[in-house]
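Below: the structure, in structure tokens.
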Amino acid sequence: MLPFLMLATDPGRFLHSPLGVQLVTYFPQLDTDALIITAGLFAVAMMMLANAASLLAEVMRARYAHGLGHWLQLRLVRHVLSQPYAYHLRRNSSVLTKTIVNDVDRFTHRIVFPLYDVFCCVSTSFFLLVALFVLEPWAAPLAIFALGSYYGLVFRVLRRRRQGVSQRMNAAMQGQFFVLGQLFSSLKMILTRHCEAFFAKRFGQSSSAYAGAATLIPIYSSGPKYLLEPVAFGALMVWIIAEISAGNDVMRVLPAAGMVAMACYRLLPSLQLLYGRLVVLTSMRHAVDEIVAELRDAAQAAPPPTSPTSERPLSWQRTLELVDVTFTYPNATTSALRQLNLQIRKGEFAGLVGATGSGKSTAADILLGLLEPDEGQVRLDGRPLGREDMPAWRERIGYVPQKVVLLDTTIEENIAFGLPREAIDPERVREAARVAQMLEFIEGHLPHGFQTPAGECGAFLSGGQQQRIGLARALYFEPELLVLDEATSALDNDTVARVIEAIRSNLDGVTILAIAHRLNTVRGCDTIFYMHGGVIECQGRFDELTARCPGFRRLAQLGEATQEAA
Ligand SMILES: Nc1ncnc2c1ncn2[C@@H]1O[C@H](COP(=O)(O)OP(=O)(O)OP(=O)(O)O)[C@@H](O)[C@H]1O
Ligand SMILES: [Mg+2]
């Protein structure tokens with residue numbers, strides 16, 4: 001740029017300068033005007049080149065940082081998904097969401113991005129130092145020593161405070177995700193209890209704590225810059241006073257002090273930038289700690305295989321058993337299951353009943369291999385199932401959990417759960433809905449039939465309809481064993497009878513284990529297991545149990561009383 005301006009403003013003078021002479025020897029055929037145009041074009045080309053290089057560097061940096069973020073997030077999600085069910089029982093989903101989304105985002109934006117600046121600062125400072133050594137050989141080390149000690153000292157003194165900021169920001173962010181998770185899952189309750197202010201206040205406490213902690217970062221990162229002037233001036237004063245008291249001539253030392261001050265002045269911007277970036281970087285330490293802890297925690301949990309890896313044939317002809325199964329939840333003081341024994345024959349309709357908290361869902365989770373028993377085994381035709389068999393075993397089971405959670409997508413995708421759109425068989429979806437007694441409603445009442453959205457957590461459907469979509473979901477995959485954990489609890493008696501009848505007549509040879517409170521669901525069962533306190537207290541057909549099992553009889557009497565009252 002400068003040669004062009006010099007050439008354009010005073011060509012005569014420039015052409016006689018050493019650079020001008022060289023230019024003329026390179027381009028002897030060009031006259032002055034052509035030289036001016038060439039120099040201008042060259043300057044523009046150089047500028048474009050330099051800017052293109054800067055843009056490329058920015059794009060590369062963004063690509064690397066975001067690519068790393070994407071890789072980390074995917075790794076975390078895969079880790080979380082490959083964990084056993086027990087791992088999720090002790091984790092809070094909001095906190096996991098925060099780590100996957102927010103901590104990784106902070107890591108890329110506040111750590112990876114600044115790292116590039118740190119690298120630039122270090123290289124700029126290095127070149128500046130070399131230049132300073134050339135210009136002011138003795139002042140440069142002094143300047144580096146003075147500024148380096150100052151920033152080093154401040155960095156060290158503020159170490160604990162920065163850690164505190166990092167901790168507080170992390171806790172506050174965790175609090176925000178936690179409250180939001182609670183808020184959206186309890187919206188109906190919040191509105192009916194009219195306690196919006198309570199949740200808004202709790203969220204506000206976390207967000208204000210975050211804002212308060214985040215405000216300290218610029219104080220710690222830029223503060224030293226503003227403190228430097230008085231500190232430097234003070235140091236200069238002390239030096240001058242010391243020289244005067246020693247009887248030296250102040251005028252003699254002033255030029256030297258000036259040189260050091262000038263060297264400091266030149267170094268300051270790069271050092272300040274370096275220091276500022278390091279402060280931000282170290283203040284985000286918790287984001288890294290959380291990600292590392294999550295990955296380590298997940299790795300230590302020794303995940304079971306996620307794909308059907310079992311080499312053994314898992315077909316069974318006679319019995320499915322739980323043998324001497326004992327299980328205690330990690331934070332519980334009493335066992336949920338105690339030496340539980342249960343045998344279901346292939347093709348039978350079995351019922352599992354018992355008071356609330358007696359261990360029915362836990363037994364189902366063990367049967368599905370979601371929980372591993374502390375003692376005892378799950379056996380097929382007498383052969384125990386190992387941990388590696390469980391994914392393949394689960395593929396054969398249709399499971400309707402006690403709380404059906406629908407996805408915020410179409411009814412069709414909810415039934416063909418986990419399949420991409422193009423892999424869904426609409427005829428199978430229709431058939432599953434028909435058996436679950438939902439076909440008439442879906443085709444007759446929903447505006448877009450199977451393509452109607454279900455809403456968040458199935459909000460556009462009634463509780464009983466949600467349950468039947470859950471049932472259709474289990475039936476779509478044509479299971480050998482159907483485990484229904486209170487799957488018909490929200491249905492009326494007529495619908496329950498029709499659902500059970502439809503399943504039995506349409507799914508040839510399917511084995512059903514129906515867990516229920518209401519005994520009319522299990523009245524037609526081949527075998528009913530009555531559970532109490534984590535053990536099977538008695539088993540048999542409905543009439544047999546009414547005759548010889550006092551607990552079951554009480555349950556049956558209560559059920560009849562409730563039905564009469566209704
Ligand atoms: N994640 C858990 N952590 C600790 N204890 C648990 C956990 N889940 C269940 N329990 C306890 O284990 C016992 C059995 O629970 P389970 O859910 O199997 O009962 P249930 O028979 O299915 O009850 P319900 O009929 O109410 O569904 C209960 O005492 C319960 O409090
Ligand atoms: Mg239960």
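Whatever order the structure lists them in is the order used to number ligands and atoms, beginning at 1. Keep in mind the model is a prediction, meaning the values are calculated, not measured.
- At least one side-chain heavy atom of Phe552 sits under 4.5 Å from a side-chain heavy atom of Ile528.
- Looking at Gln83 and His88, their side chains never bring a donor and an acceptor atom within 3.5 Å of each other.
- Regarding atom 27 (O) of ligand 1, its nearest protein heavy-atom neighbour is Gln402 NE2, 2.8 Å.
- Note on Ser361: counted as a metal contact of the Mg ion (ligand 2), an N/O/S atom lying under 2.8 Å.
- In the model, Gln182 has a side-chain atom that pairs as donor or acceptor with a side-chain atom of Arg202 under 3.5 Å.
- In this structure, a donor-acceptor pair under 3.5 Å is present between the side chains of Gln402 and Ser361.
- Among all non-hydrogen protein atoms, the one lying nearest atom 26 (O) of ligand 1 is Thr356 OG1, 2.5 Å.
- In this structure, atom 31 (O) of ligand 1 is not in close contact with the protein, since no protein heavy atom lies within 4.0 Å of it.
- Interface of His517 with ligand 1, defined as ligand atoms under 4.0 Å from a residue heavy atom, comprises 25 (O).
- Ranking the protein heavy atoms by distance from atom 17 (O) of ligand 1 puts Ser361 CB, 3.7 Å first.
- At the shortest separation from atom 15 (O) of ligand 1 among protein heavy atoms lies Thr362 OG1, 3.7 Å.
- At least one donor-acceptor pair under 3.5 Å links the side chain of Ser166 to the backbone N or O of His286.
- When heavy-atom distances to ligand 1 are checked against a 4.0 Å cut-off, Met531 has no atom that comes that close, whether in backbone or side chain.
- Ranking protein heavy atoms by distance to atom 25 (O) of ligand 1, first place goes to Lys360 NZ, 2.7 Å.
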Exercise. Stepwise, does the salt bridge (Lys or Arg N to Asp or Glu O under 4.0 Å) test hold for Arg434 with Glu431?
Worked result: CA-CA 5 Å; Arg434 189 183 65 76; Glu431 180 58 17; 2.6 Å; yes
For this session: May I have the step-by-step check of salt bridge (Lys or Arg N to Asp or Glu O under 4.0 Å) for Arg504 and Asp526, ending in yes or no?
Result: CA-CA 12 Å; Arg504 297 204 76 183; Asp526 304 312; 3.5 Å; yes
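- Given atom 28 (C) of ligand 1, the protein heavy atom at minimum distance is Gly357 O, 3.7 Å.
- A donor-acceptor pair is defined here as one N or O able to donate and one able to accept, closer than 3.5 Å; no such pair exists between the side chain of Lys98 and the backbone of Met173.
- Put simply, no part of Gly354 is less than 4.0 Å from ligand 1, judged by heavy atoms.
- The nearest non-hydrogen atom to atom 9 (C) of ligand 1, considering only Tyr329, Phe327, Tyr85, comes from Tyr329.
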